Amino acid sequence: PILIIGACGQIGTELTIELRNKYGSEKVVASDIREGSDALMASGPFELLDATNYAAIEDVVMHYEIDEVYLMAAMLSATAEKFPMRAWNLNMNSLFNVLNLAKENKISKIFWPSSIAVFGPNTPKENTAQSTIMEPSTVYGISKQSGERWCEYYYKKFGVDVRSVRYPGLISWKTMPGGGTTDYAVEIYHEALEKGAYQSFLDKDTKLPMMYMDDAIRATIQLMESPAEDLTVRSSYNLGSMSFTPQDVAESIKKHIPDFEISYAPDFRQKIADSWPSSIDDTLAKNDWGWKPEFDLDQTTHEMLTNLKKEG
Ligand code: VAH
């Protein structure tokens with residue numbers, strides 16, 4: 001069976017649904033620090049769980065005979081700047097808990113998300129390489145870079161089968177993101193439908209690597225199902241699909257809502273975004289486990305507006 005820690009978050013929610021569809025609801029235990037949507041709670045086993053509490057995670061693992069853990073709980077970039085020590089505690093101790101459970105052979109496989117936030121202001125910004133200068137300037141990025149180092153260490157030293165991808169900004173309609181710098185790319189669709197206008201907290205030409213959630217979920221499961229011997233990266237794989245600016249999103253929305261208006265009022269998150277790459281080289285993910293994105297910006301816009309309209 002599979003345990004998802006942080007199952008009520010932006011990625012966790014969709015990962016839970018997809019894994020339950022794939023492996024059967026009873027085989028996928030969802031957990032989070034608080035209860036999730038009615039749909040999520042009704043669709044299979046759920047446990048309230050603090051990701052920083054080793055004994056609590058161990059209890060759930062033993063009770064359900066868990067063999068794989070997806071650790072999706074974390075404090076994201078914008079919020080982490082407001083609460084650095086709480087972010088470090090959650091992001092690192094949750095990872096140590098899961099890595100140590102695997103080291104003790106209580107679980108056999110781990111997925112842990114990293115992020116393009118591991119790159120910093122002096123990283124080459126276009127087609128950023130798998131291995132390059134990494135001097136992250138955000139609390140969140142520092143925690144993800146450290147986490148990658150620990151994942152690789154536990155793999156090499158203890159044979160822990162931990163797998164990871166550096167997610168770009170993710171766009172989904174089923175759940176709102178929580179405290180990220182790329183959240184503008186979700187908010188804009190909601191407000192385009194509700195108000196016909198959006199004030200972006202990132203400037204118009206802020207180009208960032210982004211991905212539609214369906215691609216991100218498919219990549220995650222594809223990596224977890226790949227033969228271990230095919231994997232040459234045990235820190236975290238670069239993962240790319242598209243790159244765009246807030247202005248690009250506005251143009252894409254205008255194809256559906258012609259009089260949509262965007263304005264720009266950069267806030268503290270501009271500095272975070274400016275420290276990140278503009279595009280990612282994910283050659284290794286393509287070569288090692290056949291990664292191939294499917295959604296471009298216009299397809300993402302179509303999915304977002306269509307589904308948000310239905311949701312009403
Ligand atoms: C954030 N959505 O904005 C996350 C992600 C690359 C961005 O890590 O913090």
Side-chain angles (χ1 to χ4, degrees), residues 6 8-15 71-84 86-88 90-92 94-95 111-121 123 125 128 130 134-148 164-190 200-203 206-217 219-220 235-246 249 266-282 285 293 300 304:
C8 301
Q10 185 195 12
I11 308 172
T13 301
E14 306 224 21
L15 206 45
L71 172 54
M72 308 312 286
M75 198 181 285
L76 296 184
S77 59
T79 311
E81 290 304 300
K82 295 175 187 162
F83 307 104
R86 277 167 54 185
W88 181 259
L90 170 60
N91 294 6
M92 301 315 292
S94 58
L95 177 58
F111 178 79
W112 177 77
S114 184
S115 161
I116 57 164
V118 296
F119 299 113
T123 302
K125 286 197 180 301
T128 300
Q130 175 71 41
M134 294 171 84
E135 296 175 357
S137 52
T138 63
V139 171
Y140 174 73
I142 294 165
S143 79
K144 289 300 182 183
Q145 183 189 33
S146 309
E148 289 190 6
S164 179
V165 293
R166 290 167 181 163
Y167 287 124
L170 299 181
I171 302 169
S172 57
W173 55 271
K174 290 192 184 108
T175 39
M176 287 308 283
T181 298
T182 57
D183 297 359
Y184 88 87
V186 177
E187 292 169 2
I188 191 168
Y189 291 104
H190 288 265
S200 169
F201 56 72
L202 295 184
D203 220 338
T206 307
K207 186 172 136 188
L208 289 171
M210 304 292 277
M211 183 178 287
Y212 185 55
M213 184 61 80
D214 288 17
D215 270 343
I217 300 300
T220 305
S235 49
S236 186
Y237 278 95
N238 274 7
L239 190 74
S241 83
M242 52 185 161
S243 294
F244 55 66
T245 67
V249 185
D267 68 11
F268 75 100
R269 289 168 284 193
Q270 185 63 48
K271 192 163 175 292
I272 297 174
D274 289 342
S275 75
W276 290 347
S278 300
S279 63
I280 296 290
D281 172 2
D282 58 1
T300 300
M304 290 296 284

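Remember, it's 1-based here, ligands and their atoms both numbered in the order they're listed. Computed from a predicted structure; not experimentally measured.
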Q: Look at ligand 1 and say whether Ile116 reaches it with a heavy atom at a distance under 4.0 Å.
A: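 Within the 4.0 Å threshold, so yes.
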**Q.** Closest approach of Ser236 to Gln130 (non-hydrogen atoms, all atoms of both residues)
**A.**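 Closest heavy-atom pair between Ser236 and Gln130: O-NE2, 2.6 Å.
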Q) Looking at Arg166 and Glu148, does any basic side-chain N land under 4.0 Å from a carboxylate oxygen? A)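 A salt bridge links Arg166 with Glu148.
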[X] N/O under 3.5 Å from ligand 1 N/O:
X	result
Tyr167	no
Asp183	no
Ser115	yes
Thr182	yes

Q: Run the numbers on Ile116 and Leu239 for side-chain contact (heavy atoms from CB on, under 4.5 Å), then give the verdict.
A: CA-CA 9 Å; Ile116 57 164; Leu239 190 74; over 6 Å; no
Q | Atoms in ligand 1 with a heavy atom of Leu76 nearer than 4.0 Å | A |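 Close to Leu76: 9 (O).
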Q. So, Thr300 versus Tyr189: side-chain donor-acceptor pair below 3.5 Å or not?
A.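 No.
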**Q.** Other residues, nucleotides, ligands: >12 heavy atoms within 6.0 Å of Lys174 NZ
**A.**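 Correct, the count exceeds 12.
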Q: Do me a favour and list the nearest non-hydrogen protein atom to atom 9 (O) of ligand 1 with residue, atom name and distance?
A: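 Result: Ser77 OG, 2.6 Å.
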Q: For atom 3 (O) of ligand 1, grab the closest protein heavy atom and report residue, atom and distance to one decimal in Å.
A: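 Looking at atom 3 (O) of ligand 1, the protein heavy atom closest to it is Thr181 N, 2.6 Å.
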Q: Any chance you could measure Leu202, atom CG, to Leu208, atom CG, to the nearest 0.5 Å?
A: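 Separation between the atoms: 6.5 Å.
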